[in-house]
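Predicted model only: the values in this text are computed from it and were never measured. Per chain, numbering begins at 1; letters A, B, ... match sequence-line order.
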Amino acid sequence: MIRSEEELLAGLNPVQREAVRHRGGPLLVVAGAGSGKTRVLTSRIAHLILTGEARPYSVLAITFTNKAAGEMKERLAGMLGPGVERMWVSTFHSACVRILRVHAERLGYSRSFTIYDAADSKRLVERVEKALNIDTKKIRAQTVAAEISRAKAELVDFESYSDRAQGPFQQTVARVYADYQKRLASSSSMDFDDLLMVTANLFEACPDVLVTYQERLQHVLVDEYQDTNFAQNKLVLMLGEKHRNVCVVGDADQSIYAFRGADVRNILQFEEAFPDATKIALEQNYRSTKVILDAANAVIANNLSRIPKDLWTEGSAGDPIMRYRAADENVEAAYVATEARRLAAEEGLFYNDIAVFYRANAQSRALEEAFSLADVPYKVVGAIRFYERKEVKDLLAYLKVVANPADDVSARRIVNVPRRGIGDTSLEKLARWAAISGRALGAAITDLAGAPSEDGADDLQAAGITKKAASGLAELAGLLADLRHMDQEGFSPGKLLSEVLDRTGYRKELEDAQRDEAEARLENVAELVGVAERFSSLDDMLSSVALVSDSDDLAQIEGKVSFMTLHVAKGLEFEAVFMIGMDDGVFPHMRSLDDPRELEEERRLCYVGMTRAKSRLYMTHALERRVWGSETYSIPSRFLSEIPEELVEDCRGYTRRGGEGYRR
DNA sequence: GTTTACCTAGTTTTT
DNA sequence: CTAGGTAAAC
């Protein structure tokens with residue numbers, strides 16, 4: 001634990017100290033990669049508490065991922081000891097959920113509103129499209145969902161969207177958006193973007209609620225500000241308006257989420273929003289060697305729409321960047337595996353000091369094969385997210401329906417999982433029956449249990465539902481009623497899950513299945529039950545799992561090389577980094593080649609990747625690779641040619657034969 | 001209503 | 001190439 005200010009400031013450079021000690025008013029910290037920005041942010045919070053400027057209760061610290069939030073909490077606990085848990089350290093989304101769980105009823109939502117993830121949203125959009133007779137092949141649900149998401153990130157509701165819709169696509173989206181949003185509201189559900197938008201609406205509609213939080217959260221600190229979207233920025237401005245103790249930290253060069261609505265202008269225009277803001281720039285890098293830093297600086301300098309900035313280091317030059325040209329992606333992967341093994345055997349690195357980055361998840365495949373063959377341990381980070389697995393989503397859907405009977409998407413999901421003789425036809429009949437009586441699907445099913453032989457059953461038959469389907473429904477209804485009862489009696493979510501597994505035969509089905517994947521699924525199920533047991537409330541558990549991504553718990557992958565996308569790599573660092581697939585069309589991605597703005601985002605992504613490396617950086621590409629089963633020739637990434645030649649060395653095995661050279 | 005076999009279309013990044 | 005959807009058979 002830290003006792004004095006001196007102790008806290010020890011080891012920080014003068015600029016960092018300034019950021020930590022700043023008092024009174026808005027603060028913008030422009031922090032380059034590896035300049036210790038997270039440390040500054042953490043120290044600043046500790047400093048606020050230690051000097052009595054703030055109480056833990058009045059601090060809101062926003063991080064980009066739950067993992068970052070967890071680490072920050074841990075560090076703060078180590079520095080300050082007990083009391084830290086009263087602080088809000090979370091992502092925007094988690095903070096919003098926390099607020100909404102208290103006040104959502106003011107806007108007509110259930111306190112136990114459901115959170116829909118991207119897959120749920122897509123399903124709902126699909127259903128809406130079908131209801132509106134829109135061809136889902138011509139206008140894909142995913143595209144529409146993305147457009148709606150973008151609108152929400154800009155806090156554009158469906159009315160305004162409809163007003164300003166341009167062209168046939170947007171007009172179609174406008175229709176879908178309106179219906180989609182009505183369905184969300186009537187099922188008391190929110191998608192990811194709603195969490196932000198509804199919170200903003202809440203603050204606007206209920207000024208007293210806003211004031212409550214303004215009074216409470218007197219110090220607002222936000223990390224990775226370059227990746228905030230309009231809605232997030234708005235929330236920060238609203239909360240910070242009163243006390244103006246807003247501190248944002250970020251680096252415009254590391255803005256890599258524009259495709260998701262992030263807007264660099266939020267950080268660039270912070271000083272306009274807060275004209276009295278103090279600006280501090282952290283430009284000394286403590287992570288990478290000089291060679292790596294110079295190379296990264298040289299690459300990012302090619303972005304024209306950028307405020308020039310140069311990171312510097314007092315560290316040594318280090319090894320050159322290793323460039324490797326492979327015949328194809330398998331040779332490339334084999335090279336990485338071999339070199340990783342050599343680094344471990346000869347250079348004293350541990351496998352968990354090593355990471356391989358790629359542009360798209362699909363690229364991990366060749367790597368996995370090569371590493372298995374070479375017997376080098378690896379772990380793919382964040383590819384198939386735990387909470388997106390079918391079995392996990394199925395089980396969670398049961399809990400969601402228990403918590404929120406209005407949740408239609410989840411109700412539809414579980415009606416016939418596991419099979420209980422209710423196919424599409426019965427489902428639609430049931431849905432119509434529910435609609436006539438003005439109930440949500442989940443509520444209608446539950447009502448069946450209350451009236452086994454009375455009107456419920458008769459109505460069902462009148463609705464044309466077969467005996468077989470009806471008995472399946474009754475069984476489900478009984479289960480849901482019992483689960484809801486258990487929940488009220490205070491049974492843990494874990495107990496509820498076990499009940500679901502036993503009563504539905506879900507567990508048995510997996511146990512009886514003879515496939516390998518069934519075993520993995522059983523393990524996932526067991527893990528989910530384990531997670532659920534740690535929670536005492538259903539709402540807490542469901543909120544928490546809805547917002548946790550797999551990369552959040554990548555915690556200490558011991559003794560294994562990590563594979564991940566460049567996006568996942570943000571915020572991490574490794575002794576040695578391999579960036580593979582440095583081919584034009586792969587990275588930068590094909591779809592960005594004709595758009596200068598997108599190309600600049602790709603370049604920032606490259607910059608992020610390069611600056612993750614502490615001492616060794618490898619960049620590899622292949623002359624030929626299989627894309628969708630057919631062979632494609634590629635030329636080296638333009639990013640490679642942007643690195644000064646004197647910083648680069650070609651690896652052994654490299655040959656110029658049969659391919660183009662590096663353009664200069 | 002469920003299972004199977006085909007066929008097709010789609011391939012970026014994610015809180 | 002492969003995941004997902006669809007059309008046909010059980």
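When heavy atoms are screened at a 4.0 angstrom cut-off, A/R365 is found touching the sugar-phosphate backbone but no base atom. In this structure, A/R419 reaches the sugar-phosphate backbone alone: every heavy-atom distance under 4.0 Å involves primed, P, OP1 or OP2 atoms, never a base. A/N416 comes within contact range of the sugar-phosphate backbone alone, with a heavy-atom separation under 4.0 Å but no base atom that close. Contacts of A/S94 with the nucleic acid, taken as non-hydrogen atoms under 4.0 Å apart, are absent.
Side-chain proximity of A/E602 to B/dT15, B/dT12, B/dT14: nearest is B/dT12. Of the candidates B/dT15, B/dT14, B/dT12, the closest approach to any side-chain atom of A/E598 belongs to B/dT12. With B/dT13, B/dT15, B/dG10 as the choices, the nucleotide that has an atom nearest any side-chain atom of A/F259 turns out to be B/dT13. Of all nucleotides listed (B/dT15, B/dT12, B/dT14), B/dT14 comes nearest to the side chain of A/V568.
An aromatic stacking contact links A/H589 with the base of B/dT12, defined here by ring centres under 5.5 Å apart and ring planes under 30° from parallel.
Mapping A/T565 and A/L427 onto DNA chain B via the closest heavy atom, the residue that lands nearer the 5' end is A/L427. Place A/R591 and A/T466 on DNA chain B by their nearest nucleotides, and A/T466 ends up nearer the 5' end.
For B/dT12, there is no paired nucleotide, since no Watson-Crick or G-U wobble pair has both relevant distances below 3.5 Å.
When the side-chain nitrogen and oxygen atoms of A/T425 are compared with OP1 and OP2 of B/dG1, one or more of them lie within a distance under 4.0 Å.
With ring centers used as reference points, A/Y180 lies 6.0 Å or more from A/Y116. Centroid-to-centroid, the aromatic rings of A/H567 and A/Y257 come within less than 6.0 Å.
A salt bridge between A/K37 and A/D251 is absent, with no side-chain N of the basic residue lying under 4.0 Å from a carboxylate O of the acidic one. Salt bridge annotation for A/R626-A/E631: present, with a cationic side-chain nitrogen under 4.0 angstrom from a carboxylate oxygen.
In this structure, A/R150 forms no cation-pi arrangement with A/F259, as its terminal cationic atom is not both closer than 6.0 Å to the ring centre and no more than 45° off the ring axis.
Only the P atoms considered, B/dT13 is 14 Å distant from C/dG4, to the nearest whole Å.
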